[in-house]
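To keep things clear, I will list the structure first and then write my remarks on it.
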Protein chains: 2
Amino acid sequence: MFDFQSSIQVLRTKGYKLTRPRKRVLEVLAQAQKPVSPYDIQKVLQQRGEHLNHVTIYRILDLFCLLNLAHKVLSFGGFVKCTLGEEEGCHRFMVCRQCGALREFADKALCDEENEIAQDFGFRTEQHFSEGFGLCSNCQGQIF
Amino acid sequence: MFDFQSSIQVLRTKGYKLTRPRKRVLEVLAQAQKPVSPYDIQKVLQQRGEHLNHVTIYRILDLFCLLNLAHKVLSFGGFVKCTLGEEEGCHRFMVCRQCGALREFADKALCDEENEIAQDFGFRTEQHFSEGFGLCSNCQGQIF
DNA sequence: ATGGTAAATGCAATATTATTGCATTTACAT
DNA sequence: ATGTAAATGCAATAATATTGCATTTACCAT
Ligand SMILES: [Mn+2]
Ligand SMILES: [Mn+2]
Ligand SMILES: [Zn+2]
Ligand SMILES: [Zn+2]
């Protein structure tokens with residue numbers, strides 16, 4: 001849903017300043033192939049000659065989450081950029097407990113089902129998160 | 001699935017020692033009405049005149065998670081004791097973003113659905129976690 | 001009951017992660 | 001160009017987590 005350019009658009013549209021730190025963090029998220037922590041981001045930028053204070057990164061990530069430009073991967077404790085084409089408010093992962101391999105996906109049917117169950121409890125769900133924890137295809141063959 | 005007594009049984013059966021700290025932590029988890037962090041647990045016990053080192057609590061909680069006697073609530077960063085009657089390896093929550101209200105539930109149909117999707121990616125899922133984030137019935141009425 | 005032993009805990013040091021208040025800088029509108 | 005609110009940097013502090021090693025404890029065999 002959000003690549004670098006459309007994320008920039010969201011920021012602009014909602015009246016947030018297009019600052020250099022925000023663009024740099026957005027770049028790192030967009031390029032990352034797996035979840036990155038605030039300090040991961042700092043390191044990556046360090047290597048590119050950019051020095052961002054960690055407090056700034058925390059604040060930027062908080063904002064991005066608020067705007068749904070990014071979100072936390074729960075079991076990793078890190079932040080990822082939402083992948084293209086995912087459903088709104090639907091953030092699902094499969095994580096390999098052995099090698100850490102991670103895939104993000106979205107599934108409308110799951111959300112509908114979850115919404116229904118929530119309704120029975122009086123809840124109204126706005127964001128869906130889920131993580132399947134297990135073994136990826138590579139790791140299933142091996143013996144541990 | 002696991003109340004205090006059956007948790008004790010699990011520990012005994014698997015050959016883990018039935019130590020005082022383990023029993024105390026288990027008690028706190030069993031009585032807790034919401035997720036508790038390691039330091040939360042320490043505080044509760046403190047008030048009961050029990051002094052546990054935080055390192056010990058971390059190690060005990062790691063063990064409990066390994067044995068599925070407890071697990072982490074992802075968005076809270078805390079630990080909860082699994083509720084009675086839940087499916088094996090299925091840990092689902094609804095969390096109110098306003099008041100923090102939390103409900104745990106399990107749902108076989110959701111797990112089946114998730115397993116199928118995982119299979120398409122070659123994953124084999126062992127543990128299911130999910131969190132619906134939104135508003136509880138109380139908080140839906142109010143204006144924020 | 002007593003003693004031996006592996007397992008578990010406590011402690012101290014250290015590392016990592018996160019938050020706050022305030023001074024300074026920057027993006028953007030005028 | 002200039003003014004201004006917003007954002008960032010910095011320093012201090014807080015909260016959370018991990019490691020190695022000394023000591024204690026639960027449990028088993030006697
Ligand atoms: Mn997502
Ligand atoms: Mn559970
Ligand atoms: Zn794997
Ligand atoms: Zn609520």
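For the numbers below, each heavy atom of this structure counts, side chains included, while hydrogens, waters and symmetry mates do not. Here the structure is a predicted model, which is why all the values come from computation and not from measurement. Throughout, protein chains are lettered first and strands after them, A, B, ... in sequence-line order, and every chain is numbered starting at 1.
Set against D/dA17, C/dG10, C/dT17, the side chain of A/Y58 has C/dT17 as its closest nucleotide. Side-chain proximity of A/V55 to C/dT19, D/dT8, C/dT9: nearest is C/dT19.
As a whole-Å value, the separation of A/D62 CG from C/dA18 P is 10 Å. Remark: C1' of C/dC28 and NZ of A/K23 are 12 Å apart, rounded to the nearest angstrom. Atom CD of A/Q42 and atom C1' of D/dC10 are 13 Å apart (whole Å). With rounding to whole Å, A/I60 atom CD1 is found 8 Å from D/dT8 atom C1'. Nucleotide D/dT19 holds its P atom 15 Å from the CG atom of B/N53, rounded to whole Å. A/L52 has its CG atom 15 Å from the P atom of D/dA7, to the nearest Å. Rounded to whole Å, the distance from NZ on A/K14 to P on C/dC28 is 17 Å. Atom CD1 of B/I41 is separated from atom P of D/dT16 by 12 Å (rounded to the nearest Å).
Salt bridge annotation for A/R92-B/E113: absent, with no cationic side-chain nitrogen under 4.0 angstrom from a carboxylate oxygen. Note on A/E27 versus A/R20: no salt bridge recorded, every NZ/NE/NH1/NH2 to OD/OE distance being 4.0 Å or above.
Base contact: B/R59 has a heavy atom under 4.0 Å from a base atom.
In this model, a side-chain donor or acceptor of B/H54 finds a partner on the base of D/dT18 within 3.5 Å.
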Sub-3.5 Å pairs of nitrogen or oxygen atoms, protein against nucleotides 23-27 of chain D:
unit_1	atom_1	unit_2	atom_2	d
D/dA26	N3	B/K17	NZ	3.3
D/dC27	OP1	B/L18	N	2.8

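OP1 and OP2 of D/dT16 both lie 4.0 Å or more from every side-chain N or O belonging to B/Y39.
Heavy atoms of other residues, nucleotides or ligands lying less than 6.0 angstrom from CD of B/E116 number 12 at most.
A/T56 and A/N53 share no donor-acceptor pair across their side chains, judged by distance under 3.5 Å alone. With no hydrogens or angles considered, no side-chain donor-acceptor pair links A/Q42 and A/H54 at under 3.5 Å.
Judged by distance alone, the side chain of B/D62 and the main-chain N or O of B/R59 form no donor-acceptor pair under 3.5 Å.
By the 30° and 60° cut-offs, the orientation of the rings of A/F105 relative to B/F121 is tilted.
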